[in-house]
K.L.:
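This is the structure I want to talk about, given as structure tokens.
Everything numeric here is computed off the predicted structure, so don't read it as measured data. All heavy atoms count here, side chains included; hydrogens, waters and symmetry mates do not.
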Amino acid sequence: MSDYILECCVDSVESALAAAEGGADRLELCAGLVIGGITPTIALFEQIKRYTGIPVRVLLRPRFGDFLYTEHEFEILKREAELFGKAGAEGIVIGCLTEDGSLHMPQMRALMEAAGGMKVTLHRAFDVCANPEEAYGQAKELGIDTILTSGQEENCLKGIELLKKLERLGKEKGGPKLMAGAGVTPEVIGRFLKETNITCYHMSAKKTVDSGMRYRREGVPMGLPAMSEYSIFRTDSKVVAEAKRVLLEHTAGR
């Protein structure tokens, strides 16, 4: 199983524990998963490290939205890379773009330097870049370990053809591992294992949990008006366990 990685994206201690229970090999830690994830707090990271023994890569994203960062935002990213490295993160998850949709190489190099000895994942900024083949080559040049991608589609199943193309490119020229993400389920993993040689999968396995609040003041949104303030997203350990079972069965049959 050492060649295969099942990574779970979590934004709470409760979800991290559920991912561990289900057999996740690694965590991507963020805050605000419902908006695609932003940088979590050091305190959250420390609690998850305390209660799970799973390697943790930390998402560094200062805000919701695109990946064209101001100088202030970029300085925050560099400092966060240093802080999470000192706190014991196994890796960081980053991505910076220029206004024309290319990887922002000066910023990326600076973040790689700030990462020190940590592993680095290029996140789904890759999925909105202008030239994925060029970006793959640049990621290799930077020494990035993994690219998390849906194949530049809303989910990885729709993007499977680009993922296959990038997989072939990596086989020919070497480069970062591809991690299929967005819309990953046990069934999707099964299909990928049949059609590709991709060995890394990223899932949140979210389920909605009703809040324990008995008194509820409805109609007073604190964030997105379309979302209930009394719905909580958590990782479903059963879905993670099923995904892990699919991977284990595949490796046993190799």
K.L.:
If you measure from SG on Cys96 to CG on Leu77, what distance do you get to the nearest 0.5 Å?
P.N.:
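That separation rounds to 5.5 Å.
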K.L.:
State the CG-CG distance between Asp3 and Asn197, to the nearest 0.5 angstrom.
P.N.:
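Spacing of CG (Asp3) from CG (Asn197) equals 11.5 Å.
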K.L.:
Test of understanding: clusters of I, L, V, M, F, W, Y form through side-chain heavy atoms closer than 4.5 Å, transitively. Do Phe67 and Phe74 belong to the same one?
P.N.:
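They do share one cluster, since a chain of ILVMFWY contacts under 4.5 Å joins Phe67 to Phe74.
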K.L.:
Taking the basic N atoms (NZ, or NE/NH1/NH2) and the acidic carboxylate oxygens, is any pair closer than 4.0 Å for Glu7 and Arg26?
P.N.:
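Looking at Glu7 and Arg26, the cut-off is met.
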K.L.:
Let me check something: do Val239 and Val209 share a hydrophobic cluster, defined by ILVMFWY side-chain heavy atoms less than 4.5 Å apart, either directly or through other members?
P.N.:
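They do not share one cluster, since no chain of ILVMFWY contacts under 4.5 Å joins Val239 to Val209.
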K.L.:
Tell me whether Ser15 contacts the main-chain N or O of Ser12 through its side chain, where contact means a donor paired with an acceptor under 3.5 Å.
P.N.:
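Between the backbone of Ser12 and the side chain of Ser15 there is no qualifying donor-acceptor contact (under 3.5 Å).
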K.L.:
When rounded to the nearest 0.5 angstrom, what distance separates CD in Glu172 from CD in Glu167?
P.N.:
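If we round to the nearest 0.5 Å, Glu172:CD and Glu167:CD are 11.0 Å apart.
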K.L.:
Using every non-hydrogen atom in the two residues, find where Arg234 and Ile232 come nearest and quote the distance to one decimal.
P.N.:
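It is NH1-CG2, 3.3 Å.
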K.L.:
Would you check, one step at a time, whether the test salt bridge (Lys or Arg N to Asp or Glu O under 4.0 Å) holds for Glu113 with Lys78?
P.N.:
CA-CA 9 Å; Glu113 183 177 350; Lys78 282 200 300 184; over 6 Å; no
K.L.:
I'd like to know if Glu82 and Arg79 make a salt bridge, using a cut-off of under 4.0 Å between side-chain N and carboxylate O.
P.N.:
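Yes, this pair counts.
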K.L.:
What heavy-atom pair brings Leu122 and Ile144 nearest, and what distance separates the two atoms?
P.N.:
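Heavy atoms only, the tightest pair is N-CG2, 3.8 Å.
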K.L.:
Considering residues at least two apart in sequence or located in another chain, which fulfil the salt bridge (Lys or Arg N to Asp or Glu O under 4.0 Å) criterion with Arg57?
P.N.:
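Checked Arg57 against salt bridge (Lys or Arg N to Asp or Glu O under 4.0 Å); matches are Glu90, Asp145.
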K.L.:
Taking Cys129's backbone N and O only, do any of them form a donor-acceptor pair with Gln152's side chain (distance below 3.5 Å, no angle check)?
P.N.:
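Indeed, once roles are kept as given, a pair shorter than 3.5 Å links the two residues.
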K.L.:
Indicate if Val93 and Leu97 have the same hydrophobic cluster label, given that clusters are the connected sets of ILVMFWY residues with side-chain heavy-atom separations under 4.5 angstrom.
P.N.:
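As far as the 4.5 Å side-chain criterion goes, Leu97 and Val93 are not connected within one cluster.
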K.L.:
Under 30°, 30 to 60°, or over 60°: which ring-plane class applies to Tyr4 and His250, parallel, tilted or perpendicular?
P.N.:
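Rings of Tyr4 and His250: perpendicular, as their planes differ by over 60°.
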K.L.:
Which heavy atom of Pro62 sits nearest a heavy atom of Glu73, and at what distance?
P.N.:
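Pro62 and Glu73 have their closest heavy atoms at CG-CB, 4.1 Å.
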K.L.:
Looking at Ser211 and Met213, would you say the former's side chain and the latter's main chain have a donor-acceptor pair under 3.5 Å?
P.N.:
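Yes; at least one donor-acceptor contact below 3.5 Å.
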K.L.:
Does any donor atom in the side chain of Asp127 or Ser150 lie under 3.5 Å from an acceptor atom in the other side chain?
P.N.:
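Side-chain D/A pair, Asp127 to Ser150: present.
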K.L.:
Just verifying a value: how many Å separate Asp11 CG and Leu27 CG, rounded to the nearest 0.5 Å?
P.N.:
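Those atoms lie 11.5 Å apart.
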K.L.:
Please determine if Arg191 and Glu195 form a salt bridge, counting it only when a charged side-chain N lies under 4.0 Å from a carboxylate O.
P.N.:
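Between Glu195 and Arg191 there is a salt bridge, with a charged N closer than 4.0 Å to a carboxylate O.
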K.L.:
Is there a path of hydrophobic side-chain contacts, each under 4.5 Å between heavy atoms, that joins Ile54 and Leu44?
P.N.:
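Linked, Ile54 and Leu44 end up in one cluster.
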K.L.:
Between the side chains of Asp66 and Arg61, is the shortest nitrogen-to-carboxylate-oxygen separation below 4.0 Å, so that they form an ion pair?
P.N.:
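A salt bridge is absent here (no side-chain N lies under 4.0 Å from a carboxylate O).
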K.L.:
Check residues 28-36 and write down every donor-acceptor pair under 3.5 Å in which the side-chain atom is one partner and the other belongs to a residue at least two apart or another chain.
P.N.:
none

K.L.:
Do Tyr136 and Val128 belong together in a cluster built from hydrophobic side chains that touch within less than 4.5 Å?
P.N.:
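In one cluster: yes.
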K.L.:
Taking all atoms of both residues into account, what is the closest heavy-atom pair of Cys8 and Val240, and its distance?
P.N.:
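That closest heavy-atom pairing would be SG-CG2, 3.6 Å.
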K.L.:
Working note: Leu17 + Glu21, criterion side chain to side chain contact (heavy atoms under 4.5 Å, CB included); need CA distance, chi angles, decisive distance, verdict.
P.N.:
CA-CA 6 Å; Leu17 291 170; Glu21 181 184 346; over 6 Å; no
K.L.:
Do Glu242 and Arg245 meet the salt-bridge criterion of a basic N to acidic O distance under 4.0 Å?
P.N.:
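Glu242 and Arg245: salt-bridged.
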K.L.:
What pairs with Glu141 under side chain to side chain contact (heavy atoms under 4.5 Å, CB included), at least two apart in sequence or on another chain?
P.N.:
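With neighbours one apart ignored, the set is Met105, Arg109.
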K.L.:
List the atom of Gly95, the atom of Met108, and the distance in Å for their closest heavy-atom pair.
P.N.:
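In terms of heavy atoms, the two residues are closest at CA-SD, 4.0 Å.
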K.L.:
Taking atom NZ as the centre, does Lys119 end up with more than 12 heavy-atom neighbours from other residues, nucleotides or ligands that are less than 6.0 angstrom away?
P.N.:
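Open.
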K.L.:
Distance check, rounded to the nearest 0.5 Å: Ser102 atom OG versus His104 atom NE2?
P.N.:
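Those atoms lie 10.5 Å apart.
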K.L.:
Could you tell me the separation between the OG1 atom of Thr39 and the CG atom of Leu59, rounded to the nearest 0.5 Å?
P.N.:
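Those atoms lie 6.0 Å apart.
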K.L.:
What closest approach, in Å, do Ile198 and Leu178 show between heavy atoms, and which atom pair accounts for it?
P.N.:
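Closest heavy-atom pair between Ile198 and Leu178: CG2-O, 3.7 Å.
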